[in-house]
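Presented below is the structure to which this report refers.
Atoms within each ligand, like the ligands themselves, are counted from 1 in listed order.
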Amino acid sequence: MDWPLRLFFTAFLIAAAAIDGTQADATVAGTVFCDQCKDGQISIFDYPLYGTKVAVSCLDSNGQLTMWREETTNWFGNYAMRFEGTPDLSSCYAQVSGSGQGCGAEVGPPKNLKLMFRMFDMEMYAVDPLLSEPAQPMSYCPRSSATPVPAPVTPVLPPPKETPPVMPRLPPMPPLPPIPPMPPMSFLEASACPYWNWTMPEYKCYWKMVTPDMKVAVVFGLVVAQRYGTDMSLGMALKGRGDPYRTLLREATTALLNSYNSIQFAYHPLGVIQDLNLALMGSTRAVLRTGLRFMRANSGYGKVSCKFTPCK
Ligand SMILES: *[C@@H]1O[C@H](CO)[C@@H](O)[C@H](O)[C@H]1NC(C)=O
């Protein structure tokens, strides 16, 4: 699945929650990333940028501005705007218009809006990811191809001695209950834990990026909201069993937790979100297959164990 689709899945939730089916409207949604390596692409080092302003502007055939709207990205780097009626937004574009949290020295090019679907009186437009960049690429970014770096043992690990970058990470969260500090090296260690270990209270401190009461709809996006409702929390998702869909959600949630917990885990967090959404768009077989793939990753393929130690 390419980026526009991917962010379509993850970005529309807020908009979807606000949509009242009786009103005609158009929704525009997308994600802003901090392009830490300033390579113009989204790589493993890049993360969704919180608190950045995005503007959508529309020009008529004479180049006159006909519409303008600005919105700020949420914790997950997503923004969504709603336009009343069903205006044709295909000639509009979105652009980063304000600096985001420590990553706003330069902004990437504007992107067109793409009509994803039109249903009843509702239109959904998606925007390719917008980029915002720091003034300098981060020190751990791969150098340009002119100065090849020695092949690392694990591609995503930074060289030893350097401070390990926190990646991939979500932007700052609102205040959470105090969590006991984790040994920083644990993120670099290979670990894969099955869902039941994630539900055990003695390992609560391993929940770092997300909390058990966060809604799966917020974390995984619109398609997940449609399938599982907006009440289901991550904690509830971990207890799911019985049918393929609940099993898939349980294993995807576990995989997401594992991906935040260990850089060596088989999935990147965005990969978990993408694969879950893809499976839900597919057949029951796709649901079973993806659920099984997550389950195998969560079991460490019989090679990687669960490195939890009880929290203090
Ligand atoms: C995970 O849970 C199992 C079953 O409850 C338990 O035996 C095991 O010790 C746990 N693993 C870790 C690393 O804590």
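The contact set between ligand 1 and Cys306, taken as ligand atoms under 4.0 Å from a residue heavy atom, comprises 13 (C). Those atoms of ligand 1 that come under 4.0 Å of a heavy atom in Met200, given as number and element, are 2 (O).
Scanning all protein heavy atoms for the shortest distance to atom 2 (O) of ligand 1 gives Asn197 ND2, 2.5 Å. Protein heavy atom in closest approach to atom 14 (O) of ligand 1: Tyr203 OH, 2.3 Å.
The closest heavy-atom contact to atom 3 (C) of ligand 1, among the options Trp196, Phe308, Tyr195, comes from Trp196.
Remark: the Thr309 side chain and the Tyr206 side chain contain an N/O donor-acceptor pair separated by less than 3.5 Å. Judged purely by distance below 3.5 Å, without hydrogens or angles, the side chains of Asp213 and Ser233 never pair a donor atom with an acceptor atom. With hydrogens and angles left out, the side-chain atoms of Asp35 and Gln41 include no donor and acceptor closer than 3.5 Å.
A cation-pi geometry, defined here as NZ or CZ lying under 6.0 Å from the six-membered ring centre and within 45° of its normal, does not hold between Arg296 and Tyr301.
There is no protein heavy atom closer than 4.0 angstrom to atom 7 (O) of ligand 1.
Contacts between Lys307 and ligand 1 below 4.0 angstrom, taking non-hydrogen atoms only, are absent altogether.
Distance check: Trp198 CH2 to Trp207 CH2 gives 7.5 Å after rounding to the nearest 0.5 Å.
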Query - Criterion salt bridge (charged side-chain N to carboxylate O under 4.0 Å, His left out) on Glu106 and Lys38, from CA distance to verdict - result: CA-CA 9 Å; Glu106 286 169 40; Lys38 293 174 73 76; 3.1 Å; yes

